Amino acid sequence: MPNDLPTVLAAGAWLKNAACLLEGGVPVWSALHGDLGEPGACCALDASVQSLLRRPGRPVAAIAHDLHPDFYSTRLAVSLAAELGVPAIGVQHHHAHIAAVMAEHGVGEAVVGLALDGVGLGTDGTAWGGELLWVDTTEWQRLGGLWPLALPGGDVAAREPWRMAASALHALGRGGEIGERFAGAVGASAARLVQQLLVGSFNCPPTSSAGRWFDAAAAALGLSVRQAHEAEAAIALEQQARVWIAANGRPTRTDIVDASRIDRLDLRPLLARLLDHGDAAGGVPVPAEAAWFHVALAEALAGWAGAAARQCGVRTVCLGGGCFCNAVLTEHVTAGLQRQGLTVLRPQAHTCGDAALALGQAWVAAHQLHAGGRPLSIEVNESLSCA
């Protein structure tokens, strides 16, 4: 990175929190604090930022943070910036994921970024998590997102994958099947309540989260009803896919998603297949369907990002976000993009998840200050300019 960038301290986000001081283009990391729902992690973050501020060197020119106003890291950043008399700069979560990859690889030109994770607050106030971005050093655009699913019951849906499968059924116009499919596992009253929430659009905020699509797929195949740990359902789905692919190779006939529309990637055909053909429906064994889902999803994502790269005139695609901890997904997305002649960059020295987010936050804020302006954030629109 350029060594004339201003010094910026970034506070990270909520999950797997770590802070980062970017000084002279070189990142200096705190320890990993963990999730900020734990008081001890918040105290550790407090101590880390004070330690980073005491380092000899250039004075801090800004404090960067996530857009979510309720994160402890955000509140700490805003308070600290006021105390130091410097700006507090909010950086959108998925923008920071892609910026972290650009920072690690020293990218100084525009890229298309594919950011896939569980959740991050979007600039429109909704829950993002499956985002296609155009990112330059001082500007960015949201090009598109995954087809939104409703979160029946709000945040509880992220802990109960069956709710996401029910949401997918509703999105397919098949909400009447919710009771038949899930009453045995969760009880008739719970299944009926979720169906009613979806019909009435009550307490059902939308999300473009890739993580929730993985939850829906795992539940559709009967792999997970409720999960005790983050990404438990997605990990179970990946394990099934990995075993089948190792024994049988790449599944065939996976090109069932239209990836030509940049502003929205509709994954409903993938869930329709799982709901109709998986073991729960008396059909294809779960490992085969899990493998098919991974490869079909990867093919759709690679086509989507490739189309955006061609439209924007860029040759590099950056992959970021916790869903790329999934090796099967990452391998097939990367291969699909490389077949289109594109350069693919993903984290090497850092994790693809939220533990590396502070580097992206600091990189964005430092470039913003260096240019004397503000990063450009444009919502999905029909007349894409990519510049």
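No experiment lies behind these values; they were computed from the predicted model shown.
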Do you know the tightest heavy-atom contact between [X] and [Y]?
{"X": "Asp266", "Y": "Arg268", "result": "OD2-NH2, 2.8 Å"}
{"X": "Pro161", "Y": "Arg226", "result": "CD-CA, 3.8 Å"}
{"X": "Trp363", "Y": "Thr137", "result": "CH2-CA, 3.7 Å"}
{"X": "Ser209", "Y": "Asp117", "result": "OG-O, 3.1 Å"}
{"X": "Pro6", "Y": "Ala61", "result": "CB-CB, 4.0 Å"}
{"X": "Ala355", "Y": "Leu32", "result": "CB-CD1, 3.8 Å"}

If we ignore hydrogens and angles and just use 3.5 Å, is the side chain of [X] paired with the main-chain N or O of [Y] as donor and acceptor?
{"X": "His95", "Y": "Val91", "answer": "no"}
{"X": "Ser224", "Y": "Ala218", "answer": "no"}
{"X": "Arg315", "Y": "Gly341", "answer": "yes"}
{"X": "Gln361", "Y": "Gly12", "answer": "yes"}
{"X": "Ser48", "Y": "Ala44", "answer": "yes"}
{"X": "Gln240", "Y": "Ala291", "answer": "no"}
{"X": "Asp258", "Y": "Ser260", "answer": "yes"}
{"X": "Gln227", "Y": "Glu232", "answer": "yes"}
{"X": "His105", "Y": "Val107", "answer": "no"}
{"X": "Thr330", "Y": "Asn326", "answer": "yes"}

Less than 4.0 Å between a side-chain N and a carboxylate O, is that true for [Y] and [X]?
{"X": "Glu299", "Y": "Arg339", "value": "no"}
{"X": "Asp263", "Y": "Arg261", "value": "yes"}
{"X": "Arg174", "Y": "Asp276", "value": "yes"}
{"X": "Glu230", "Y": "Arg159", "value": "no"}

Please determine whether side-chain contact (heavy atoms from CB on, under 4.5 Å) holds for the pair Val314 and Val111, giving the CA-CA distance in whole Å, both sets of side-chain angles, and the decisive distance to 0.1 Å.
CA-CA 6 Å; Val314 304; Val111 305; 5.7 Å; no
Within the 4.5 Å heavy-atom criterion, are [X] and [Y] side-chain neighbours or not?
{"X": "Leu172", "Y": "Leu275", "result": "yes"}
{"X": "Leu149", "Y": "Trp213", "result": "yes"}
{"X": "Leu345", "Y": "Leu319", "result": "no"}
{"X": "Leu80", "Y": "Gln50", "result": "yes"}
{"X": "Arg75", "Y": "Val78", "result": "no"}
{"X": "Ser30", "Y": "Leu45", "result": "no"}
{"X": "Thr7", "Y": "Val60", "result": "yes"}
{"X": "Cys20", "Y": "Val28", "result": "no"}

Within 6.0 Å of CD in Gln348, more than 12 heavy atoms from elsewhere:
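More than 12 within 6.0 Å, yes.
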Determine whether more than 12 heavy atoms belonging to other residues, nucleotides or ligands lie under 6.0 Å from atom CD of Glu177.
yes
Separation of [Y] [atom2] from [X] [atom1] (nearest 0.5 Å):
{"X": "Ile262", "Y": "Cys312", "atom1": "CD1", "atom2": "SG", "answer": "7.5 Å"}
{"X": "Cys318", "Y": "Leu114", "atom1": "SG", "atom2": "CG", "answer": "10.5 Å"}
{"X": "Tyr72", "Y": "Asp66", "atom1": "OH", "atom2": "CG", "answer": "15.5 Å"}
{"X": "Phe293", "Y": "Glu238", "atom1": "CZ", "atom2": "CD", "answer": "12.0 Å"}
{"X": "Leu5", "Y": "Gln368", "atom1": "CG", "atom2": "CD", "answer": "12.5 Å"}
{"X": "Leu76", "Y": "His65", "atom1": "CG", "atom2": "NE2", "answer": "10.5 Å"}

Do the side chains of [X] and [Y] join up, straight or via other hydrophobic residues, at under 4.5 Å, putting them in one cluster?
{"X": "Val49", "Y": "Val8", "value": "no"}
{"X": "Ile245", "Y": "Leu297", "value": "no"}
{"X": "Leu357", "Y": "Trp14", "value": "no"}
{"X": "Ile256", "Y": "Val295", "value": "no"}
{"X": "Phe324", "Y": "Leu146", "value": "yes"}

So, [X] versus [Y]: side-chain donor-acceptor pair below 3.5 Å or not?
{"X": "Glu131", "Y": "Ser208", "value": "yes"}
{"X": "Asp354", "Y": "His93", "value": "yes"}
{"X": "Gln92", "Y": "His94", "value": "yes"}
{"X": "Thr334", "Y": "Arg346", "value": "yes"}

Would Trp29 and Leu359 count as a side-chain contact (heavy atoms from CB on, under 4.5 Å) if you check the C-alpha gap in whole Å, the side-chain angles of each, and the deciding distance to 0.1 Å?
CA-CA 9 Å; Trp29 287 95; Leu359 174 59; 3.5 Å; yes
Tell me whether the centres of the aromatic rings in His294 and Phe214 are closer together than 6.0 Å.
yes
In sequence, state the C-alpha distance, the side-chain angles, and the governing distance for Trp244 and Val286, and then conclude on side-chain contact (heavy atoms from CB on, under 4.5 Å).
CA-CA 9 Å; Trp244 194 92; Val286 167; over 6 Å; no
Quick one: do Trp304 and Leu265 satisfy side-chain contact (heavy atoms from CB on, under 4.5 Å)? Show the steps, please.
CA-CA 7 Å; Trp304 189 38; Leu265 185 65; 3.7 Å; yes
On the six-membered ring of Trp128, is Arg142 placed so that its NZ or CZ lies under 6.0 angstrom from the centre and within 45° of the ring axis?
yes
